[in-house]
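Written below as structure tokens is the structure these notes are about.
Both counts, for ligands and for their atoms, begin at 1 and track the order of listing. Residue indices begin at 1 and follow the sequence shown. Source: prediction; values computed, not measured.
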Amino acid sequence: MDQAADDWVPHSAHWGAFSARWNGATLDVTPYAGDPAPSPLLQNFSNAMRHKARILRPMVRKAWLDRRARSERTFDQKFVACPWDEVLDLLAGELSRIKTEHGGAAVYGGSYGWSSAGRFHHAQSQVHRFLNMAFGGYVRSVNSYSAGASAVILPHIMGGYEAISRHNVTWDQVAEHSDTVLAFGGMAVKNSDVASGGVSRHIERAAMQRAARRGAIFYNVAPLRDDMPEEAGGRWVPIKVGTDVALMLALAHTLLVENLWDSGFVARYCTGFEIFERYLLGRDDSIPKDAAWAANVVGLPATAIVDLARRLPRGRTLITVSHSLQRAQYGEQPVWMGAVLAAMLGQIGLPGGGYHYALGALGHTGRRPNAVPIPTLPQGKNGVADFIPVGRVADMLLHPGERFDYNGRAMRYPDIKLVYWAGGNPFHHHQDINRLRRAFNVPQTIVVHESAWTPMAKFADIVLPATMTLERDDIGAAATDPRLVAMRKAVDPIGEARDDFDIFADLSRRLGVEQAFTEGRSSRQWLTHLYEPTRRALLDAGWDAPDFEAFWRRGELELPSAPDDGGFLSAFRNDPVGKKLPTPSGKIEIYSKAIAGFGYDDCPPHPAWLPSTEPPDVRHPLTLIANQPATRLHSQLDFGAYSQSKKIAGREPVRLHPADASRRGIKNGDIVRLFNDRGACLAAATLSHDVMQGVVQLSTGAWYDPEVGAADRPLCVHGNPNVLTRDIGTSRLAQGCCGQVTVVECEKYQGTLPPIRAFDPPEQA
Ligand SMILES: Nc1nc2c(c(=O)[nH]1)N[C@H]1C(S)=C(S)[C@@H](COP(=O)(O)OP(=O)(O)OC[C@H]3O[C@@H](n4cnc5c(=O)[nH]c(N)nc54)[C@H](O)[C@@H]3O)O[C@H]1N2
Ligand SMILES: Nc1nc2c(c(=O)[nH]1)N[C@H]1C(S)=C(S)[C@@H](COP(=O)(O)OP(=O)(O)OC[C@H]3O[C@@H](n4cnc5c(=O)[nH]c(N)nc54)[C@H](O)[C@@H]3O)O[C@H]1N2
Ligand SMILES: [Mo]
């Protein structure tokens, strides 16, 4: 299946479908012709394939090889190149040792991360499958950095997170039916650029524009004006960061006391309102959660809150809550309170109305699900029961055996000896990187498969070079995208890089589980095999169902979509008895007996206002928003052309309000130092009136680049906000991560500028 060098081939990434052609030095990229608004992120591929940051051959940390004196891992240590046969022998030996001495319960294979869009060479699925075959299981992680709190609270109060975010109100419904969209956390179109598994058509901007032209009003409740596209003609409601629940409560209070709420809906479809009502009215704490109360908390005039509340019952109103709100301490509360506010408006289950979680946060929300299954690699059976909520990884490594709470269970952290990572970058995604460094110094061995020298690769002991998606064949597919893409190889692998599958297949042979892992199939045979269930479902439904070879030649295949029926929430509205919600009461739970039973003070049994325990103060007066980057997916291809084009003097831009800048003598383009008690980083100042006063925005994804030689808490010279963020759980209920917001101070950087080494490979011994 090799391609001639001048061929254009179809391919797909999490940020869109495209055609690619290797021109001998760089990659030419043309977006998929059917995409009305292709993502600029595609340009990150052009210079990426042969970049110096790529890993060329297997490498082993020298200090790990000389294990007599087990030294601390640092980012400055040397690596030794190792031929494939030798490194796989070495690794197989180490895996066997761990298995014999400690078993699978000492292996952390959570391996969180987005890796690539292809459904077969999906690194996480590959590593999970391998660890299940080789160890009979491993310590896994549950939930995500995306939806850590919501994935746990939503099933208690309404239903599954997947169903609520992926089969609910669609963009077509918004365009046709919504009159008011009250978007907590906004709906920035840079976010719907991406969807895991790929997105062939970017429709969000046009849908918001259609709605706005019809007269719909979008409210962008967010600290950044551009959390909503101009086409939505949105009204910016810049409230203090993290105070959304207070605003929602005040809106609910106004609806209640002015009798603008739908008591009939609440009586029929909800449970526990009477208990929540006591709280809302301040019956027990003498604090009515009214507009006057909220005004101080959120920083809006009480009249503006009352006016907004009075608008909500007029016409079709949709309440949306973004992922970002729950990536913060007590993140369960805004998710819950948004649903309660929507319930009081009585429009849940109506086209273009009610409640949507994460609409616009990714390119797979607001779509119709496919009517047929998409290819997925079976991962086998995990025989180890231990797991952690994904954001607790540093806690686990630092506190083996210690007790923690999660969703009503009292659990203990396992004792991890070996960490295996493929397809993720914890030094991008995890909070409080200085703490994470200490945590990753605990295990005896860290193995990483990577296509580039990310900080995670540089902190590993055994580093195996993985191909990039464009160096192999795969199938691109997502459950809400009506297009299967034949992701054809565009260029030969760099150096000695190999597919994750081939690496695991060779390791499996050494460990005596090759047949179980490969099932006797080559990569190509796997693609054909994984395609088959989709083809069979198409055939059964009477749709065009070409065989694999025909699909491969065509390059794409249209899949049928399920009807735009609003999913389980509209079914429940139509038949609350026959189509009960999957909650304990079968209704929307405004008060949860289950959560009450857990007795968590940080997650009360009805939504409530809980202020952050780390508010801005004199030493750290600014609130840092560490949101998703507009120039890349997370940290992927940070060395890519588009991401690099937006850096200033090689550093990540931080946006701040001109008033905050001038108070600190900071000018546009100045290099600044952001700091708090956890750490510090450099970034390049960009002054903007689109940022609220008191807020600074530094997106995630600049590769962690610790200053040379600095000991305990080195300065990140490149601009990774996770040296500043807090590594705590959202609450004992969900234990989600809290990466979105933190408090900092900012000053002009006076020293000599340290060089950026983020993309340099480590030194070779
Ligand atoms: N402060 C703060 N932190 C955050 C967030 C935030 O809002 N604020 N957001 C969080 C969220 S929502 C998320 S989802 C996470 C994302 O965190 P990650 O998913 O860990 O971030 P990525 O940069 O996408 O990492 C994917 C890695 O996989 C590698 N890769 C790609 N293809 C392959 C392959 O085929 N094989 C192998 N072996 N590797 C491959 C890439 O090179 C890249 O290093 O970050 C979280 N972190
Ligand atoms: N281009 C691009 N798009 C992406 C990603 C990417 O890396 N790059 N990552 C994808 C992934 S994995 C995920 S999970 C989603 C995440 O989706 P989100 O978490 O919703 O995305 P963010 O950009 O982190 O946050 C959206 C906005 O919320 C606002 N915000 C932050 N805190 C608060 C608050 O307390 N209250 C209010 N009202 N607003 C607040 C911020 O101004 C921020 O710009 O994005 C996806 N989309
Ligand atoms: Mo995410």
Check this for me: does any side-chain nitrogen of one of [X] and [Y] sit under 4.0 Å from a carboxylate oxygen of the other?
X      : Y      : value
Lys52  : Asp760 : yes
Glu204 : Arg367 : yes
Arg488 : Asp474 : no
Arg655 : Asp226 : yes

Considering only non-hydrogen protein atoms, determine which one is nearest to [atom] and report residue, atom name and distance to 0.1 Å.
atom                    : answer
atom 45 (O) of ligand 1 : His429 CB, 3.0 Å
atom 38 (N) of ligand 1 : His449 O, 3.0 Å
atom 31 (C) of ligand 2 : Gln740 OE1, 3.1 Å
atom 2 (C) of ligand 2  : Pro629 O, 3.1 Å
atom 28 (O) of ligand 2 : Ser324 OG, 2.8 Å
atom 7 (O) of ligand 2  : His634 N, 2.8 Å
atom 4 (C) of ligand 2  : Val194 CG2, 3.3 Å
atom 40 (C) of ligand 1 : Gly423 CA, 3.9 Å
atom 33 (C) of ligand 1 : Ser115 CB, 4.0 Å
atom 44 (O) of ligand 2 : Asp227 OD1, 2.5 Å
atom 47 (N) of ligand 2 : Asn191 O, 2.9 Å
atom 35 (O) of ligand 1 : Arg472 NH2, 2.8 Å

Among [options], which residue places a heavy atom closest to [atom]?
atom                    : options                : value
atom 12 (S) of ligand 1 : Gln636, Gln628, Glu471 : Gln628
atom 8 (N) of ligand 1  : Ser635, Cys738, Ala626 : Ala626
atom 42 (O) of ligand 1 : Glu450, His14, Arg327  : Glu450

Ligand 2 atoms in contact with [X] (distance to a heavy atom under 4.0 Å):
X      : value
Ile625 : 31 (C), 32 (N), 41 (C)
Val241 : 35 (O)
Ser322 : 20 (O)

Side chain to side chain contact (heavy atoms under 4.5 Å, CB included) between Met468 and Ile494, worked out: CA-CA 9 Å; Met468 265 178 65; Ile494 194 169; over 6 Å; no

Under a heavy-atom criterion of less than 4.0 Å, does [X] contact ligand 2?
X      : value
Ala328 : no
Gly186 : no
Arg632 : yes
Ala188 : no
Trp15  : no

Taking both backbone and side-chain atoms of [X], is any N or O found less than 3.5 Å from an N or O belonging to ligand 2?
X      : value
Val221 : yes
Gly242 : yes
Trp114 : no
Ser192 : no
Ala361 : yes

Leu633 versus Val194: any side-chain heavy-atom pair under 4.5 Å?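 Yes - at least one pair of side-chain heavy atoms lies under 4.5 Å apart.
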
Mind checking whether Asp500 has an N or O less than 3.5 Å away from an N or O of ligand 1?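 Yes: some nitrogen or oxygen of Asp500 is under 3.5 Å from one in ligand 1.
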
Looking at ligand 1, does any of its N/O atoms fall within less than 3.5 Å of an N/O of Gly739? yes

For the pair Trp526 and Phe120, name the ring-plane relationship: parallel under 30°, tilted 30 to 60°, perpendicular over 60°.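 Rings of Trp526 and Phe120: parallel, under 30°.
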
Atoms in ligand 1 with a heavy atom of Ser451 nearer than 4.0 Å: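 Result: 42 (O).
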
Using a 4.0 Å heavy-atom cut-off, which part of Met456 comes near ligand 1: side chain, backbone, both, or neither?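 No part of Met456 is near ligand 1 at this cut-off.
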
Examine the proximity of ligand 1 to Arg726 and report which part, side chain or backbone, both or neither, has a heavy atom under 4.0 Å away. neither

Consider only side-chain N and O atoms of [X] and [Y], and report whether a donor and an acceptor are under 3.5 Å apart.
X      : Y      : answer
Arg437 : Tyr704 : yes
Asn676 : His620 : no
Asn44  : Ser643 : no

Does Trp703 form a ring-ring contact (aromatic ring centres under 6.0 Å, His included) with Phe639? I'd like the steps, not just the answer. CA-CA 9 Å; Trp703 287 13; Phe639 52 83; 5.6 Å; yes

For [X], which part has a heavy atom under 4.0 Å from ligand 2: side chain, backbone, both, or neither?
X      : value
Asp244 : side chain
Lys190 : both
Leu633 : both
Asn627 : both
Thr700 : neither

Does NZ or CZ of Arg129 fall inside the cone over Phe517's six-membered ring, less than 6.0 Å from its centre and within 45° of the axis?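 Cation-pi check for Arg129 and Phe517: passes.
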
Kindly determine whether Glu471 and Met49 satisfy side chain to side chain contact (heavy atoms under 4.5 Å, CB included), including the steps that lead there. CA-CA 9 Å; Glu471 297 166 335; Met49 309 306 304; 3.8 Å; yes

For Glu230, I'd like to know if atom CD has over 12 heavy atoms of other residues, nucleotides or ligands within 6.0 Å.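 For Glu230, atom CD is not crowded (no more than 12 foreign heavy atoms under 6.0 Å).
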
Heavy-atom closest pair, residues Ala734 and Glu332: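 It is CB-OE2, 3.2 Å.
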
Derivation and outcome, side chain to side chain contact (heavy atoms under 4.5 Å, CB included), residues Asp638 and Phe759: CA-CA 9 Å; Asp638 187 28; Phe759 308 113; 3.4 Å; yes

